Amino acid sequence: MIIIFGIIAVVVVAWYAWRYRDVRNCRWRAERSGDKGSLRKYRCIACGAEAFTATKGPPRDCRKDLSPPSL
């Protein structure tokens with residue numbers, strides 16, 4: 001019985017690590033002063049990238065390799 005729970009725990013931890021592998025190095029913090037309407041502003045404290053999202057919660061992808069938009 002304990003072995004079964006151990007296997008289930010390992011599977012859950014492995015799935016969680018695989019699912020969020022893209023944002024593992026980014027730690028997003030909300031900046032409410034930069035919100036624009038329904039868009040929420042987030043800044044990564046690890047790489048300094050900024051992102052806006054309309055979904056609930058922080059962005060899922062790291063934005064550090066994206067170039068700033070050009071006019």
Side-chain angles (χ1 to χ4, degrees):
M1 189 65 136
I2 293 175
I3 294 172
I4 293 173
F5 287 128
I7 292 172
I8 291 172
V10 168
V11 168
V12 168
V13 169
W15 174 77
Y16 187 79
W18 176 79
R19 182 175 177 210
Y20 294 109
R21 68 188 177 277
D22 294 338
V23 294
R24 196 174 302 142
N25 295 327
C26 279
R27 295 185 303 267
W28 296 102
R29 299 293 183 257
E31 286 190 1
R32 298 293 181 209
S33 62
D35 290 353
K36 295 182 180 181
S38 64
L39 294 176
R40 304 290 175 234
K41 181 180 180 182
Y42 288 89
R43 179 183 297 274
C44 177
I45 63 170
C47 65
E50 292 182 354
F52 288 90
T53 182
T55 61
K56 184 177 180 181
R60 294 196 176 253
D61 300 327
C62 183
R63 304 285 204 271
K64 68 180 176 185
D65 295 330
L66 295 178
S67 61
S70 60
L71 296 175

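In this text the structure is predicted, and so the values were computed from the model without any measurement.
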Could you report the tightest heavy-atom contact between Phe52 and Lys41, atom names first, then the distance?
CE2-CB, 3.5 Å

Indicate the atoms forming the closest heavy-atom contact of Trp28 with Pro58, along with that distance.
CB-CB, 3.5 Å

Same cluster or not: are Val13 and Phe5 linked, directly or through other Ile, Leu, Val, Met, Phe, Trp or Tyr residues, by side-chain heavy atoms under 4.5 angstrom apart?
no

Which value, rounded to the nearest 0.5 Å, describes the distance between [X] atom [atom1] and [Y] atom [atom2]?
X: Arg40; Y: Thr53; atom1: CZ; atom2: OG1; result: 10.0 Å
X: Tyr42; Y: Glu50; atom1: OH; atom2: CD; result: 14.0 Å
X: Arg43; Y: Glu31; atom1: CZ; atom2: CD; result: 4.5 Å

Count the heavy atoms belonging to other residues, nucleotides or ligands that lie under 6.0 Å from CD1 of Ile3, then report whether that count exceeds 12.
no

